[in-house]
There are 2 protein chains.
Amino acid sequence: MTQKGITLKDVAAAANVSRATAARALNSYGYVGDETALRVMEAADRLGYRGNLVAQALRSGQLPIVGFVPGDIQNPFFARIAHDIEVELRKHRHNLLIASSEENVELEKELLDSLRALSVRGFILAPTSATDSEHIVQLARAGSPIVLIDRVVKDLQCDSVVVDNEGGAREAVEYLVANGHERIGLLRDDSRIFTAQERLAGYQNSLKSHGVAFDESLIGVSRSTVEHAVEATIRLFSRRNRPTALFTVDSLMTQGALLGLRSMGLSIPHDVSLVGFDDFNLATFTDPQITVIAQPISEIGPLAAKLLLERLAGKKVAPRDIRFPTRLIVRGSVARPHRR
Amino acid sequence: MTQKGITLKDVAAAANVSRATAARALNSYGYVGDETALRVMEAADRLGYRGNLVAQALRSGQLPIVGFVPGDIQNPFFARIAHDIEVELRKHRHNLLIASSEENVELEKELLDSLRALSVRGFILAPTSATDSEHIVQLARAGSPIVLIDRVVKDLQCDSVVVDNEGGAREAVEYLVANGHERIGLLRDDSRIFTAQERLAGYQNSLKSHGVAFDESLIGVSRSTVEHAVEATIRLFSRRNRPTALFTVDSLMTQGALLGLRSMGLSIPHDVSLVGFDDFNLATFTDPQITVIAQPISEIGPLAAKLLLERLAGKKVAPRDIRFPTRLIVRGSVARPHRR
DNA sequence: ATATGACATGAGATCGATCTCACATGGCGA
DNA sequence: TCGCCATGTGAGATCGATCTCATGTCATAT
């Protein structure tokens with residue numbers, strides 16, 4: 001069934017040389033006679049020889065594969081990054097193996113284990129938990145190059161590419177405050193997640209610096225899917241004395257909030273003002289369009305890939321912590337609150 | 001740098017047996033004494049032994065990896081399928097390597113080549129071209145199990161999972177005709193793509209069966225991205241005697257059409273009725289919500305994975321061509337046309 | 001008592017590419 | 001002329017897991 005495949009041995013035989021010489025000719029190292037080299041090359045492409053990557057990997061200890069473990073590949077944010085990483089890696093003849101952790105630490109551990117067993121060369125990782133990081137630290141200690149994206153973890157020094165979550169959240173809340181809001185709701189995901197922590201901090205810092213008291217009852221927690229966010233939004237806005245504005249920490253939650261508010265008959269921005277973290281295509285489809293804190297998504301993937309490739313090439317420098325700024329994009333989802 | 005890693009040899013030494021015996025104990029085949037087996041197991045997990053998949057692959061000729069080549073991983077349709085496939089494969093300890101073809105035949109060839117060089121065990125593929133299929137046929141002939149999804153190609157008999165594109169398109173157009181439309185526009189992607197051909201056929205067949213003449217000037221062609229679709233929509237609706245209704249062949253195009261029409265100040269469904277192929281989250285976010293032809297996306301990935309796994313397990317049956325039905329979901333984007 | 005077969009184990013080959021080392025050959029300086 | 005070095009090539013080891021085959025033990029049947 002499975003075709004035999006041309007091996008180096010076949011090429012060597014065809015060129016009437018030993019395997020060693022054939023290898024030398026094809027990989028151009030050591031001494032090889034000019035004429036011999038030519039004969040080998042010629043034989044190789046006459047037979048359509050293509051090296052067996054698995055065999056090479058066995059010797060070198062590593063496959064030309066990089067593992068990517070995002071929180072959720074269906075999240076457009078990660079899908080975009082995955083795509084960008086892949087393009088960058090292909091330029092260097094590497095493959096990308098995506099294993100989505102579903103924001104589940106246990107699954108994350110398993111996935112890393114199985115990628116490790118595959119002897120992938122390096123990892124690009126968006127850790128699910130900022131604190132439960134023992135497995136990642138071990139991975140790093142075992143010598144695997146790692147680049148963290150979107151999130152970092154404690155106890156680990158390695159290259160990372162993240163955005164200014166605290167600053168972005170602060171800017172969002174400040175914008176709402178500037179528009180006269182004080183009862184500002186926050187819809188966030190699990191506090192295990194690094195970005196959730198930072199964005200919460202930005203929210204709190206901003207309130208504090210404007211002398212607005214922090215009110216626990218304005219915080220809604222949800223998993224990062226549209227469906228969960230709908231429910232969380234409804235819960236949050238069903239309480240008495242509901243928020244006049246809402247800040248959502250990622251685009252799926254923003255979409256969920258949109259649906260939830262609509263189902264409650266609350267109109268934006270008339271009844272509720274809304275600012276979301278992370279821009280998304282659909283933000284401009286709705287009426288009104290949604291004001292967001294945009295992240296430079298298109299830069300994250302390529303940069304992460306480059307950092308990793310440098311490590312794979314043996315670059316030894318101190319860990320690089322890249323942090324991109326965010327940007328407020330004002331559209332139409334914020335208005336001054338009504339007096340009741 | 002890279003940790004040495006525990007090999008079978010280490011385990012064997014620790015358990016005081018030969019590598020052969022250790023292998024037998026761990027993989028439970030052949031004869032092994034009970035006590036010996038226990039000793040080996042114990043040694044294995046005391047040392048934290050985990051087989052080297054690359055070495056295993058060298059012997060068996062195949063890595064526990066399946067390649068997935070979708071048209072575009074950023075398209076939510078394929079992202080969803082990729083995710084589902086991955087989940088299914090993991091149950092069988094296989095990894096999924098995603099390599100997006102960007103709807104480019106040349107890139108598709110390269111990707112398949114590089115996956116082949118990696119000795120992946122099988123392929124799940126959404127071919128970019130329905131006719132330029134020589135490379136896929138060769139791949140199949142070389143013995144690689146292949147499952148085609150969403151699209152099939154000529155000259156190749158293999159398992160496939162697609163939807164009833166012709167029927168779906170027909171139903172969409174029929175619904176528009178039933179609402180009094182005759183000038184029905186079609187926004188479709190490159191006719192190289194299988195689904196585009198079938199959906200065009202459905203469109204034409206439906207018109208014909210209702211005695212509506214086919215008018216070339218009602219057809220817009222665009223790449224399958226929101227941005228391109230916006231432009232194509234604008235071009236299509238800038239002509240004199242524009243369509244009163246539009247049928248778009250996938251969700252990204254539907255979104256593009258939405259934006260394009262809005263930018264031209266055309267309201268839905270007042271000025272233009274709209275039906276899209278493929279349901280999408282945002283279809284319910286817009287006002288009005290969009291009427292669509294839904295495909296059973298959640299079934300495609302798992303089924304494709306299952307079919308492939310069966311082949312990998314050695315199942316020999318005639319190629320299975322699965323074709324799912326589609327379903328019209330009526331929402332609010334269609335109305336009767338105005339008299340002008 | 002001896003043959004037979006079920007059970008148990010290890011030595012060594014194998015997968016394919018690459019690397020080390022040993023062995024040639026020839027040219028050139030001393 | 002001898003010796004050394006640059007050049008060219010091949011035999012064999014190696015990576016780690018697995019498989020074949022040979023060898024060795026016992027217990028039971030004859």
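Lettering follows sequence order; numbering is per chain, from 1.
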Distance check: side-chain N/O of [X] vs OP1/OP2 of [N], anything under 4.0 Å?
{"X": "A/Tyr49", "N": "C/dG16", "value": "no"}
{"X": "B/Thr21", "N": "C/dT9", "value": "no"}
{"X": "B/Tyr31", "N": "C/dA8", "value": "no"}

Exercise for the section: Would you classify B/Ser60 as touching base, sugar-phosphate or nothing, given that sugar-phosphate means primed atoms plus P, OP1 and OP2, and contacts are heavy atoms under 4.0 Å? Expected result: nothing
Exercise for the section: Check every strand shown and say whether A/Val17 touches a base, only sugar-phosphate, or nothing at a heavy-atom separation below 4.0 Å. Expected result: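 A/Val17: backbone/sugar contact only, no base atoms under 4.0 Å.
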Exercise for the section: Determine the sole option in A/Val54, A/Leu63, A/Asn52 for which the side chain to side chain contact (heavy atoms under 4.5 Å, CB included) test with B/Leu118 is passed. Expected result: A/Leu63
Handout entry: Partner of A/Asp150 by side chain to side chain contact (heavy atoms under 4.5 Å, CB included), out of A/Ile81, A/Ile193, A/Thr195
Key = A/Thr195
What is the separation between atom [atom1] on [X] and atom [atom2] on [N], rounded to the nearest whole Å?
{"X": "B/Arg59", "N": "C/dA17", "atom1": "CZ", "atom2": "C1'", "answer": "16 Å"}
{"X": "A/Arg19", "N": "D/dG10", "atom1": "CZ", "atom2": "C1'", "answer": "10 Å"}
{"X": "B/Tyr29", "N": "C/dA8", "atom1": "OH", "atom2": "P", "answer": "15 Å"}
{"X": "B/Asn27", "N": "D/dG16", "atom1": "CG", "atom2": "P", "answer": "17 Å"}
{"X": "A/Leu58", "N": "D/dA17", "atom1": "CG", "atom2": "C1'", "answer": "9 Å"}
{"X": "A/Lys9", "N": "D/dG12", "atom1": "NZ", "atom2": "P", "answer": "14 Å"}
{"X": "B/Gln56", "N": "D/dA17", "atom1": "CD", "atom2": "C1'", "answer": "6 Å"}
{"X": "A/Arg24", "N": "C/dT18", "atom1": "CZ", "atom2": "P", "answer": "12 Å"}

Problem - Side-chain donor-acceptor contact under 3.5 Å, B/Thr128 with B/Glu103 - result: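 There is such a pair between these side chains.
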Exercise for the section: Please round to the nearest 0.5 Å and tell me the distance separating atom CZ of A/Arg151 and atom CG of A/Leu125. Expected result: 9.0 Å
Handout entry: Distance, nearest 0.5 Å, that separates CD of B/Glu102 from CD of B/Glu108
Key = 12.0 Å
Practice task
Look at atom CZ of B/Arg39 and say whether more than 12 heavy atoms of other residues, nucleotides or ligands are closer to it than 6.0 Å.
Solution key: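 It does: B/Arg39 CZ has more than 12 such atoms within range.
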Completion exercise
Between B/Val32 and A/Val54, whichever has its closest DNA chain C nucleotide further toward 5' is B/Val32
Practice task
Take the C1' atoms of the five end pairs on each side of the helix from C/dA1-D/dT30 to C/dA30-D/dT1, derive the two axes, and give their angle rounded to 10 degrees.
Solution key: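 What I find for the helix from C/dA1-D/dT30 to C/dA30-D/dT1 is an axis angle of 70°.
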Problem - Pair A/Lys109 + A/Glu106: basic N to acidic O under 4.0 Å - result: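 Between A/Glu106 and A/Lys109 there is a salt bridge, with a charged N closer than 4.0 Å to a carboxylate O.
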Practice task
Choose from D/dA17, C/dG16, D/dC19 the nucleotide whose nearest atom is closest to any side-chain atom of A/Thr7.
Solution key: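 Output: C/dG16.
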